[in-house]
Structures are given as structure tokens and as C-alpha cells.
Chemist: 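Just passing along the structure, written as C-alpha cells.
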Amino acid sequence: MPVHNADIAAAFENIADLLEIQGANPFRIRAYRNAARTFSELSHEARELLAAGADLTRLPGIGDDLAGKVRELVDTGHCGVLDRLRKELPPAVTELLRIPGLGPKRVKTLWHDLGVQTVEQLAHAAAAGRIRLLHGFGEKTERSILEAVRAQADQQRRILRSVAAQYAGSLQAALAAVPGVQQVTMAGSFRRCCETVGDLDLLVSASDTAAVMRRFTTYDEVADVLSAGDTRGSILLKSGLQVDLRVVTAESYGAALHYFTGSKAHNIAIRRLGQKQGLKINEYGVFRGRSRIAGTTEASVYEALGLPYIPPELRENRGEIEQAQSGHLPQLVARADLRGDLHAHTRDSDGRDTLEAMAKAAQAQGLSYLAITDHSAHLGVTHGLDAARLRSQGEAIDRLNGTFSGFTLLKGVEVDILEDGRLALSDTVLSRLDVVIASVHSHFDLPRTRQTERLLRALDHPHVTLLGHPSGRLLGKRAPYDVDMERVIRKAGERGCFLELNSQPLRLDLNDLHCRMARDAGALVSINSDAHSTFDLANLESGVGQARRGWLEKRHVLNTRPLGALRDMLGINP
Ligand code: DGT
Ligand code: CA
Ligand code: CA
Ligand code: ZN
């Protein structure tokens, strides 16, 4: 069974957790956590990179030792260190660490004093009032543990789209290889480019239905076959991801694709619109009385209703049907529209690659400019740049730019927004740069009014170009900070500042609704990779998916501008 990046990340997270409960060296623990993050965000499968002879030590935070463990996992499906740790500790104990408020010390106490080893046992103990009796715990802690357990149960049912994509690809390929298969598409929330998916919905058209079902239920990553009929089935993959399959004839493929792409709200609205025109719409086609008038392609379904094709990212019943009716659907931005990227790190701060390597990779991705925006020197940021180091990086950029043709590195920084909204670098330093990204990396839990004032003040700063990852959320890990985002977005529009759509799979920040708010407020959005290595430039693809969900067109996206126009907009001298 092939090992996916998500498996590697999970193994490393597990090792880190177990080491943490054992009270191991914090640096060692951090190394595993960083490695887990690297693999969970990597857009290429490690096993494919290895097969292609790539050197994994070029990835952020991966040295020889960790690269060796990845190879071991890929080759054998096991990791010796993890197996050993698991013998020393009950594995479910690590799940307790994921409950907000429970660190290794408390987990150890719960385990030793109450024998609590699983989240379920934890919930029982909390409900029975046994936790408040422990040393270092109180009634309040007990209550928040119970709440956290419930919140986590809701959250954990969904997985990142970028992670699901790793499983989707190989499954689709396996089914596409079955003789008689014509089309294979991942429908559902996956096709609508949602940030997270509850399950995968696979649609296949084939002449031999039984062969497709056989291949599906015997796929080598199946943990459990939940159901298997003639034309529909559901499996649970070993990763815990559920996949629903529908097999249809080529004739009704379009209607089925429309139905299973959803969203449910969009489907219902479309069906209602059909009813008004005397049409019946279901997953087999569009019918007038007994005659079938459309359904072979998705476009034909919309056409039968007198509508233009509505892209999947818009299908949330958020006004797209009305806009389609009046001929005002947005012309959504596409990856090919991006001319550059305004957020990237190098090994000068916490990135992995050199200026030159980042430039080459960006050029290979079809970009004509890349802003280098390493972190500012500040408390808690490792290797942040101060004025002197920024200056010498700028000189290196000038030298390199002299050697490129058709490509330009821009000079920038990602500067911390301090607690009170001031920036961590002086005006003089900032004024010399082309791109200043202001980001919050601390004090996430200020009260709403103070957090809002803080961001507004940062946007008022004359040298700020972009507000970085504006809400600060990490999908499934950290909630957005409490801030009046509407006001922040309006302010950016008024001030002529730009808002980042950070494309890291864990961030995708701005979210879709905020993108749309930015569009309405006249604040341009910059779709940025926030690359910490050359591999991460591929993040831009996810960012574009999110931007499309937010109704953004090419004109609403700052980095669709060619360099000359961008320079004019940012007031940079060539
Ligand atoms: P998810 O899986 O929670 O991320 O979201 P979806 O949108 O993929 O939802 P899912 O997997 O339950 O169903 C896939 C699509 O099938 C959904 O987007 C629309 C269609 N569908 C499912 N149930 C219904 C229904 O009761 N009525 C209609 N009209 N469509 C449905
Ligand atoms: Ca789904
Ligand atoms: Ca489903
Ligand atoms: Zn960054």
C-alpha cells in the first residue's frame, strides 16, 4: 500500500507527541513537528519525489536523519522509532494532546492518576466530575475539556482538500484504468474547491458497471466496504476518508455530474427554476414530460434552463443563479492569469532555498516576478532580518536581477504587527522596500475592539502594501482571531491597500466570503504562495481555487498585473 504525505506527517506528529509525553528534548520534538508540517503541506508525493531521485534534504527542516525515516516509511510502511515509542506508551494517549488546554504534563497526570487513555475516557471522566479533583485541574478546566472534546468531534469529520487530493489522484487513476471506463471526475465539495471536504464523491461513466465496482471495492487502500450495489458504492479508506462512487452511462453523465457536484443548495434552486419552466431535473437528465431534453454534458443542463455554464466554485446558491440569468456571472480568475507572487521566504529567514533557487522556480512556474518577503527580526522569530541584513539581501537581489531576462525579484519583508498596531521595523527601513507585508504573528487573543484597532492601525501605515493572512486562522488548528473583518476589508479598500489571500493549504486566508467582501469593497487581493521552499510555489493553485469561490475576476487580483502596471500601483521606481 503506497505511503502518502499525510501518512508521513501523521507518523512524525505521533513521534513528536509521544516524545513530548516522555518529556524528551524540546528541539528534537520541534524537529519532528516541523517535518510533519513540511509533508502535510507538500504538493508532491514524497514517494514520487524519491522514485524520481529527488533529494529530500532540500525540503524545509529535513536533514539526513528525517529523510532516512521518510525513505523507511515509503519503503516499508513502518518507522522504527515510532514502533519503539508505541511499545513504551499507550498510543491513544497522544490524542489527548490535541484537546486544547491539555499539554503533556496534564496528559501524563490524567493517564497516571485516572487511567485516562482515550478521548472517550476523558469525556466520561469529565462528565462524572472526576477531573476537577486532580491536582492542577479545577472545575473550570474540567468544563472546558468537555467543551473541547465536543468541538473536536465536530471538527475532525472534515479533512483538508489538499490532503484529500493526495488520495483522490491515485484512486481516480485506478478507476480510469478499468477497461470500458469513459470519464472519471471527483465531484462534490472537492470539485467546488472547498477548503475541507467531508467525503469524496467519485463519478464514473462506463460500459461495464460491474468491473468498475469490483475495482473500487478491491482498491488496495480500502479499510472497509460500507456498501456496494450495481451502480453505487461507498468505501472507507485506511486514512479514514470515505469515498462515494456512482457509475452512470455516458448519456446521463452531465446530469449526474451536476447533481453530485452540488452544492445541495444550488441543486435545489436549479431544480426549482426548472419546475417553473415545466422541466424536471434529476441525476439522469432534464425532462419535459416524458422526453429527455438534456443531460449528456453539464453545460446542456444549464442551457436547457436558458443559463450559461456556472463554474463549480460558484455553486453555493449565493446569487450565482440570479447573476447567470442576468448575464452577469463573473469571469473567474485562473491560475494562468497570475503574473507574479508577492510573498516568499528564503533561507535568509525561515525558508529553505536561496534567492536564486526561488527565482528559477518561480520562473519555471510561468511567473515574471517574485517578491522576497523574509520575516523581520523580532521576538520569537528565528533568523528574522534586521535593517543591515535586509540591506545586504537587497544588494544580492540587485545583483541577481542583473543576470535575469524576463524575470524580476522584488525586495520585500514580512513585518510583524506589534500588539498595538505598530510595525517591528522603522519607517526608514520599510521605505526602501518594494513590498511590505504586515502580518500578525503574536497576541492572537486580544479582545475584538483592540484586535480590530490594531489591524486598522497597521493598514494606515504609509509603507504597508499588503495585510498578510488577514484572519490568522489555521484550518482545523486555530480559529481566526476575533476581529471585525468587514471593517478591516473596507479600510483596505479606502486606503488603497491590498489584502493577501495566503495560499498555504492550512491557511487559505482570506476565506471565500472575505474575498467576496474585498471584491465589493474595492480592495484588490493578492494571491500569494507564502512559499518557504521552491515546492510551495505550487500552493498558488489552491489560492486560485479559493479566489474563484470568492467570485474574484482577473481584475480583482493584484498579481495578475504585469510588472510595469504593478510597479505603478505600488509606487515603485523601476
Ligand atoms: P461534503 O462532503 O460535506 O464536503 O459536501 P458535499 O457537497 O460533497 O456533500 P455530499 O458528499 O453529502 O454530497 C455530494 C453532492 O450530492 C452534494 O453536493 C449535492 C448532492 N446531494 C447530496 N444529497 C442531496 C440531496 O438531498 N438533495 C440534492 N438536491 N442534492 C444532494
Ligand atoms: Ca462530499
Ligand atoms: Ca458524499
Ligand atoms: Zn510568510
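Indexing begins at 1, ligand by ligand and atom by atom, following the structure's order. In what follows, every heavy atom counts, from backbone to side chain, and hydrogens, waters and symmetry copies are set aside.
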Chemist: Could you tell me whether ligand 1 has any atom less than 4.0 Å away from a heavy atom of Thr261?
Modeler: yes

Chemist: Okay, side chain of Ser376, backbone of Asp416: is any donor-acceptor separation there less than 3.5 Å?
Modeler: yes

Chemist: Hey, does Gly198 come in under 3.5 Å of ligand 1, counting only N/O atoms on both sides?
Modeler: yes

Chemist: Under 4.0 Å, heavy-atom basis, I'd like to know which part of Ser263 is in contact with ligand 1: side chain, backbone, both or neither.
Modeler: backbone

Chemist: For the residue pair Leu537 and Ala362, what are the closest heavy atoms and their distance?
Modeler: CD1-N, 3.5 Å

Chemist: Can you check which of Ala269, Ala256, Ser189 brings a heavy atom nearest to atom 6 (P) of ligand 1?
Modeler: Ser189

Chemist: Please confirm whether the backbone N or O of Asp420 pairs with a side-chain atom of Arg457, one donor and one acceptor, at under 3.5 Å?
Modeler: yes

Chemist: Any protein heavy atom under 4.0 Å from atom 22 (C) of ligand 1?
Modeler: no

Chemist: Identify, for atom 15 (C) of ligand 1, the protein heavy atom at the shortest distance, and state residue, atom and that distance.
Modeler: Phe260 O, 3.3 Å

Chemist: Before accepting this row, confirm whether a basic side-chain N of the pair Arg246/Asp201 lies closer than 4.0 Å to the acidic partner's carboxylate O.
Modeler: no

Chemist: Checking ring pair (Phe, Tyr, Trp, His ring centres under 6.0 Å) for the pair His441/His443: CA distance, chi angles, key distance, verdict?
Modeler: CA-CA 7 Å; His441 289 123; His443 302 98; over 10 Å; no

Chemist: Using modelled atom types only, decide if a donor and an acceptor are shared between the side chain of Glu320 and the backbone of Asn317 within a distance under 3.5 Å.
Modeler: yes

Chemist: Starting from atom 26 (O) of ligand 1, which protein heavy atom do you reach first, and at what distance in Å?
Modeler: Lys264 CE, 3.3 Å

Chemist: N/O of Asp199 under 3.5 Å from N/O of ligand 1, yes or no?
Modeler: yes

Chemist: Any ion pair linking Glu195 and Arg158 (charged N to carboxylate O, less than 4.0 Å)?
Modeler: no

Chemist: With heavy atoms of Arg158 as the reference, note each atom of ligand 1 found under 4.0 Å away.
Modeler: 1 (P), 3 (O), 4 (O)

Chemist: Check ligand 1 against Val197 and write out every atom of the ligand that is under 4.0 Å from a heavy-atom position of the residue.
Modeler: 4 (O)

Chemist: For residues Arg30 and Asn34, determine if any side-chain heavy atom of one lies less than 4.5 Å from a side-chain heavy atom of the other.
Modeler: yes

Chemist: Could you list which atoms of ligand 1 come closer than 4.0 Å to a heavy atom of Arg192?
Modeler: 7 (O), 18 (O)

Chemist: Around atom 17 (C) of ligand 1, find the nearest protein heavy atom and jot down its residue, atom name and distance.
Modeler: Gly262 CA, 3.9 Å

Chemist: Which value, rounded to 10°, describes the OD1(Asp530)-the Zn ion (ligand 4)-OE1(Glu414) angle?
Modeler: 170°

Chemist: Taking N, O or S atoms only and a limit of 2.8 Å, check whether His375 reaches the Zn ion (ligand 4).
Modeler: no

Chemist: Quick one: do Arg567 and Asp434 make a salt bridge, cutoff under 4.0 Å?
Modeler: no

Chemist: Taking Glu356 first and then Lys360, would you say they form a salt bridge - that is, a charged N and a carboxylate O separated by under 4.0 Å?
Modeler: yes

Chemist: Please work out, at 4.0 Å between heavy atoms, whether the side chain, the backbone, both, or neither of Tyr259 comes within that distance of ligand 1.
Modeler: both

Chemist: Is it true that the side chains of Asp509 and His514 contain a donor and an acceptor less than 3.5 Å apart?
Modeler: no

Chemist: Around the Ca ion (ligand 2), how many protein N/O/S atoms fall inside 3.0 Å?
Modeler: 3

Chemist: Could you list the atoms of ligand 1 found under 4.0 angstrom from a heavy atom of Asp201?
Modeler: 8 (O), 11 (O), 14 (C)

Chemist: So, for Ile489 and Ala518, which heavy atoms are closest and what is the spacing to 0.1 Å?
Modeler: CG2-CA, 3.5 Å

Chemist: Determine the minimum heavy-atom distance between Ala294 and Ser300, stating which atoms define it.
Modeler: CB-O, 3.4 Å

Chemist: Answer yes or no: is there a donor N or O on one side and an acceptor on the other, between the side chain of Asn5 and the main chain of His44, under 3.5 Å?
Modeler: yes

Chemist: So, for Val483 and Val488, which heavy atoms are closest and what is the spacing to 0.1 Å?
Modeler: CG2-CG2, 4.2 Å

Chemist: Taking 4.0 angstrom as the limit and counting only heavy atoms of Gly188, give me the atoms of ligand 1 inside it, by number and element.
Modeler: 8 (O)

Chemist: Take atom 9 (O) of ligand 1 and look for protein heavy atoms under 4.0 Å from it; say yes if you find one, no if not.
Modeler: no

Chemist: Could you tell me if any non-hydrogen atom of Arg271 lies under 4.0 Å from any atom of ligand 1?
Modeler: yes

Chemist: Please find out if the Zn ion (ligand 4) and some N, O or S atom of His343 are separated by less than 2.8 Å.
Modeler: yes

Chemist: Would you call the rings of His375 and His532 parallel, tilted or perpendicular if under 30° counts as parallel and over 60° as perpendicular?
Modeler: tilted

Chemist: For ligand 1, which part of Asp244 has a heavy atom less than 4.0 Å away: the side chain, the backbone, both, or neither?
Modeler: neither

